[in-house]
Amino acid sequence: MASVSLQSVSKNFGTHAVIHAVDLQIEDGEFVVFVGPSGCGKSTLLRIVAGLVAPSNGVVAIGGEDVTEVPASRRGVAFVFQSYALYPHMSVARNIGFALETLGLAKDVVNQKVLAVARMLKVDHLMDRRPRELSGGQRQRVAIGRALVRQPEIFLFDEPLSNLDSDLRMEMRLEIARLHKDVKTTMIYVTHDQSEAMTLADRIVVLNQGRIEQVGTPRELYHAPDNRFVAGFIGSPRMNFMSVSSHMAADGPQIAGAGHLILALDASADETPVAEIGIRPENLRLVDQEEGRIRCILERVEDLGHEHFGYCRISDDTVWVIRLPQAPLPDRIGKPAGLDFPASAVFAFAADGRRILSAGLKDQAGEASLP
Amino acid sequence: MSAKLARRDHRAAWLFLLPVTAVILLVAVWPLARTFYFSFTNAYLDDPSAYSIVGFDNFIEVVTDHSWWIAVKNTLVFTVISVAIETVLGLAIALLLNSAIPGRGLARAAILVPWAIPVVVATKMWEWMLNDQFGVINKILSGLGLVDHGIAWTASSSLIMGVVIFVDVWMTTPFMVLLILAGLQLISPEIFEAAEVDGIPAWKRFWSITLPMLRPAIGVAVLFRVLDALRMFDLAYVLAASNENVMTVSIYARDRLISFQELGVGSAASTWVFLLVALVAIIIIGVLRLDRATGA
Ligand SMILES: Nc1ncnc2c1ncn2[C@@H]1O[C@H](COP(=O)(O)OP(=O)(O)O)[C@@H](O)[C@H]1O
Ligand SMILES: [Mg+2]
């Protein structure tokens with residue numbers, strides 16, 4: 001087991017800068033997830049930790065020791081690839097045990113270890129098969145077994161579940177969580193799927209265009225995003241956003257937006273003008289038009305059985321998603337409606353995307369409380 | 001699909017196959033059949049219409065001819081040694097070109113040059129370079145003080161087989177490199193990365209991963225080269241005509257057929273060549289299990 005520390009790590013491929021001065025500290029035994037849109041540099045960062053990619057700048061330390069110049073084979077890490085990268089010409093048993101062959105262990109010791117890992121991952125009945133004779137889920141298990149058998153200091157996973165269908169993905173997600181509970185080894189896990197990140201991580205690192213946007217627990221990222229990117233990336237369905245303008249009215253400063261939105265600000269408001277607001281779908285309430293703070297038309301309803309989403313058109317280019325407690329009456333669809341929300345549910349963002357913590361939104365009389 | 005539809009499909013398929021079948025019949029099956037037929041006759045090239053059937057006499061004449069067995073020995077020596085060298089060299093160069101070295105794009109293009117030169121041109125080129133009096137090779141060697149008088153590379157009976165093998169290696173290693181490189185590029189780099197992270201030493205990565213995964217590519221390349229080498233004619237003929245030291249079975253057949261005008265015996269020799277090549281092909285395919293090996 002070991003901690004991992006990255007100190008102003010950068011990576012350029014030729015002139016193309018992919019990672020920009022990343023600083024990150026990962027504690028021993030932590031389960032950290034790198035999440036971000038495709039192409040943001042998650043895999044590159046993980047490969048830098050593994051030693052498969054050399055950083056252009058900066059220091060990589062594992063267990064407090066500078067390993068920047070240490071080859072991948074001597075970093076004590078195990079890597080699980082999205083493509084599984086199993087050896088196609090070897091049996092399952094040999095795939096799992098291959099790394100042990102060169103350690104000078106007795107053959108029956110190797111066999112025992114391989115069998116123990118295979119049992120744990122429920123692939124012990126497949127030992128003589130070739131990878132091409134396995135299903136996607138079984139291949140994934142073998143790939144994890146190959147990593148596990150070496151008892152590495154750190155597990156690195158690069159989108160290990162992306163090639164699986166959704167049922168299997170759920171199942172393997174649980175197994176990986178259980179695996180971490182059992183072995184308590186440091187794990188770094190890369191995914192573009194925020195729900196995978198939310199369910200697995202002790203801490204999430206949100207990456208965007210080669211920079212860390214925010215590091216925090218799933219709760220922190222959800223309830224206290226630092227910026228618009230994190231607010232929009234974490235949460236499903238994603239947060240609703242609307243551009244607003246600030247101006248001075250007779251009774252004080254206020255912000256205004258589409259759908260007749262007017263929010264009064266108190267005098268304590270931050271200097272930075274609010275450029276955009278965001279509200280999560282679960283904090284919106286569908287009400288009659290006169291009662292709402294935003295006017296809209298309920299365009300469409302998705303009934304997923306256990307939950308219901310409404311699509312409310314506020315202006316030509318703004319449609320907000322709202323989570324409904326139950327499916328609305330069919331005759332409301334296509335009709336004008338209103339959206340209500342508590343002031344505490346509004347996230348305010350500056351023009352550069354930073355979140356404004358003290359936007360000074362005034363509570364209003366008759367305000368709905370958070371559901 | 002109804003039976004009628006299936007029949008119509010089959011008819012269409014045969015229709016599409018017709019032109020290529022006709023071409024194959026014309027350029028492959030017909031000449032082969034003619035050769036096979038003539039090998040049972042005592043025909044001469046100056047008047048192929050006058051002949052009588054002589055049974056297996058021609059075949060027996062060939063295998064009782066001392067020269068034939070010299071040709072067989074030469075052919076096998078040439079094939080085994082040149083293909084072995086080409087395979088090892090081809091593998092090494094392919095591995096080099098597949099690693100991320102700077103300028104490998106240029107190297108990949110440059111490696112093809114010897115292969116693109118016609119055999120006759122390349123052979124003549126080397127013949128001149130190896131010339132004992134004016135050749136650049138001897139000039140360099142004597143310049144370095146390694147020899148005191150020019151070596152007659154292509155005239156010496158003990159050296160000429162070496163020269164033939166050398167020129168063939170020079171000409172056809174690029175072919176090996178290309179086929180093996182194509183095989184290498186089919187292997188996902190993540191497999192090597194997985195092995196690297198797992199702490200597998202480089203030599204074991206080569207023996208246990210690279211080589212087994214390249215087996216189909218190497219097998220096909222070796223098969224092609226062996227079949228080519230067994231039929232080799234141009235290189236040795238341009239360099240030494242019918243010199244017994246490098247006379248291959250193809251040259252033997254040509255001599256009987258053209259020089260001695262013996263259409264019957266020449267055809268029998270050609271048929272033996274055909275059978276030899278077929279036998280070796282079957283053995284290689286069987287040993288390497290090329291029919292079953294798939295890269296994946
Ligand atoms: N070996 C490479 N050479 C050049 N560019 C690369 C290489 N690897 C990755 N990149 C580029 O770096 C960026 C980040 O890639 P990656 O780390 O794979 O993103 P992610 O895993 O987040 O989808 C992409 O723009 C990609 O094109
Ligand atoms: Mg990736």
Side-chain angles (χ1 to χ4, degrees), chain A residues 13-14 43 46-47 49-54 70-91 94-104 130-134 139 142-160 163, chain B residues 87 91 94-95 98-106 179-223 285-296:
Chain A
F13 288 111
S43 298
L46 195 70
R47 287 162 162 273
V49 174
L52 292 172
V53 167
V70 175
S73 54
R74 285 195 276 121
R75 289 195 183 187
V77 302
F79 204 109
V80 178
F81 293 86
Q82 180 178 351
S83 65
Y84 317 131
L86 297 177
Y87 309 123
H89 57 294
M90 295 183 194
S91 66
R94 183 135 193 253
N95 258 287
I96 297 177
F98 189 56
L100 303 179
E101 283 178 18
T102 46
L103 296 182
R130 295 290 157 98
R132 67 167 169 274
E133 297 159 346
L134 302 179
R139 284 180 207 183
V142 176
I144 293 175
R146 186 172 67 179
L148 202 58
V149 81
R150 294 176 45 225
Q151 299 177 300
E153 306 273 329
I154 301 167
F155 278 99
L156 307 173
F157 295 91
D158 191 354
E159 310 222 16
N163 290 346
Chain B
T87 306
L91 181 61
L95 286 171
N98 194 46
S99 59
I101 48 168
R104 67 173 167 168
L106 193 72
L179 280 192
I180 296 175
L181 191 59
L184 264 179
Q185 287 174 340
L186 283 182
I187 307 177
S188 152
E190 292 194 341
I191 287 176
F192 295 115
E193 288 177 342
E196 198 184 329
V197 174
D198 278 353
I200 314 290
W203 61 267
K204 193 168 168 86
R205 289 206 292 268
F206 178 75
W207 276 114
S208 301
I209 300 175
T210 315
L211 266 191
M213 292 191 69
L214 275 182
R215 207 190 61 173
I218 294 177
V220 168
V222 165
L223 179 69
I285 292 174
V287 166
L288 293 175
R289 297 272 184 86
L290 284 179
D291 50 335
R292 274 198 245 163
T294 54

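All figures in this text were calculated on a predicted structure; none of them were measured in a lab. Proteins come first, then strands; the chains are lettered A, B, ... in the order of their sequence lines, and each starts at number 1.
- Interface check for chain A: of the options B:Pro189, B:Gly199, B:Ser188, the most heavy-atom pairs under 4.5 Å are formed by B:Gly199.
- Under the 4.5 Å side-chain criterion, counting only non-hydrogen atoms from C-beta, A:Val80 is not in contact with A:Leu156.
- Between A:Arg47 and B:Glu193 there is a salt bridge, since a side-chain N of the basic residue sits under 4.0 Å from a carboxylate O of the acidic one.
- Using a 4.5 Å heavy-atom threshold, the side chains of B:Ile209 and B:Ile187 count as separate.
- Contact of A:Arg75 with chain B is not made at all, since no heavy-atom distance falls under 4.5 Å.
- Contacts with chain B were tallied for A:Arg130, A:Glu101, A:Arg74, A:Gln82; A:Glu101 has the most, counting heavy-atom pairs under 4.5 Å.
- Looking at A:Leu86, the atoms closer than 4.5 Å to chain B (heavy atoms on both sides) all sit in the backbone: N, CA, C or O.
- Using modelled atom types, one finds a donor on one side chain and an acceptor on the other under 3.5 Å when comparing A:Ser83 with B:Glu190.
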